[in-house]
Amino acid sequence: MHIILLGPPGCGKGTQAKKIMEQQNIPQISTGDILRAAVRQQTPLGVEAKGFMDKGELVPDELVVRIVEERLREQDCQKGFILDGFPRTVAQAEALDQTGTVIDVAVNFEVPDDEILKRLSGRRTCRSCSAMYHVPFSPPQVAGICDKCQGELYQRDDDKEETIKNRLAVYNRQTEPLIQWYAEKNKLRSIRGLGSIDDIYIQICDVLNNL
Ligand code: AMP
């Protein structure tokens with residue numbers, strides 16, 4: 001199963017990708033997680049990507065495409081994968097096509113902008129396992145500490161209000177055209193990204209079971 005999760009930042013793609021990964025036993029490939037790890041480790045990729053990420057801009061296509069091409073060649077991707085946060089531009093989608101990868105479905109999460117702002121400004125992420133929490137909707141048991149691995153929770157720099165607004169603008173301008181792109185290829189299935197995590201997951205299962 002080759003699945004793309006499409007939608008604005010904060011629409012719940014990452015959370016749902018982790019659920020699908022557990023249930024279907026296929027890896028989640030989050031370009032955002034890969035890039036944040038590179039920034040933390042100060043690799044050449046991380047150094048180049050950091051400035052774009054801090055401003056809420058997209059990292060140049062050629063860098064991200066190279067990461068994904070390499071990741072898709074790894075053994076664990078041979079039985080399928082979930083792309084979370086990639087592609088984000090039509091050029092990235094074209095590059096993905098050129099690898100010969102056939103996508104089964106692009107699941108599009110529909111969430112209004114005001115809801116995104118509310119969600120992202122309260123989001124806290126674990127530095128160690130990238131589990132996500134939300135102040136005040138789903139706080140950890142102990143403030144600032146991950147329930148799962150006791151790692152430190154932090155607010156991503158790009159989850160600050162001004163940057164969120166820019167990320168939304170970037171999404172509308174550069175990523176939204178992919179909705180049309182996958183619709184034309186009859187690969188697009190849209191779901192409502194509102195409600196509980198389980199409600200949303202049920203909609204995704206419906207989509208996957210009806211392919
Ligand atoms: P995310 O965690 O998916 O919200 O990604 C965080 C940031 O990483 C984005 O705001 C971009 O700066 C960068 N990024 C992640 N995925 C991509 C991508 N496919 N293309 C370009 N930049 C990306």
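In each ligand, atom 1 is the first atom listed, and ligand 1 is the first ligand listed. What you are looking at is a predicted structure, and each value in this text was computed from that prediction instead of being measured.
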Salt bridge (Lys or Arg N to Asp or Glu O under 4.0 Å) partners for Asp157, two or more places apart: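 Asp157: salt bridge (Lys or Arg N to Asp or Glu O under 4.0 Å) contacts with Lys160.
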
Problem set entry | Arg127 to Tyr154, cation-pi by 6.0 Å centre distance and 45° axis angle |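 Here Arg127 passes the 6.0 Å and 45° test against Tyr154.
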
Need the list: ligand 1 N/O atoms against protein N/O atoms, distance under 3.5 Å, rounded to one decimal.
| unit_1 | atom_1 | unit_2 | atom_2 | d |
| --- | --- | --- | --- | --- |
| ligand 1 | 2 (O) | Arg36 | NH1 | 2.9 |
| ligand 1 | 2 (O) | Arg36 | NH2 | 3.0 |
| ligand 1 | 2 (O) | Arg156 | NH1 | 3.4 |
| ligand 1 | 2 (O) | Arg156 | NH2 | 3.3 |
| ligand 1 | 3 (O) | Arg88 | NH1 | 3.1 |
| ligand 1 | 3 (O) | Arg88 | NH2 | 3.1 |
| ligand 1 | 4 (O) | Arg88 | NH2 | 3.1 |
| ligand 1 | 4 (O) | Arg156 | NH2 | 3.4 |
| ligand 1 | 4 (O) | Arg167 | NH2 | 3.2 |
| ligand 1 | 5 (O) | Arg88 | NH2 | 3.4 |
| ligand 1 | 12 (O) | Glu57 | O | 2.6 |
| ligand 1 | 16 (N) | Thr31 | OG1 | 2.8 |
| ligand 1 | 16 (N) | Gly85 | O | 3.4 |
| ligand 1 | 16 (N) | Arg88 | NH1 | 3.0 |
| ligand 1 | 19 (N) | Gly85 | O | 2.9 |
| ligand 1 | 19 (N) | Gln92 | OE1 | 3.0 |
| ligand 1 | 20 (N) | Gln92 | NE2 | 2.9 |
| ligand 1 | 22 (N) | Val59 | N | 3.0 |

**Study point:** Over 12 foreign heavy atoms within 6.0 Å of NZ, Lys187
**Key:**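 Yes, enclosed.
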
By side chain to side chain donor-acceptor pair (under 3.5 Å) - contacts of Arg123 (at least two apart):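 Side chain to side chain donor-acceptor pair (under 3.5 Å) check on Arg123 returns Asp159.
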
Quick one: list whatever passes ring pair (Phe, Tyr, Trp, His ring centres under 6.0 Å) with Phe86, sequence neighbours left out.
->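 By the ring pair (Phe, Tyr, Trp, His ring centres under 6.0 Å) rule, Phe86 matches no residue at all.
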
What is the minimum heavy-atom distance between Leu188 and Ser190, and which atoms define it?
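The answer is CD2-OG, 3.9 Å.
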
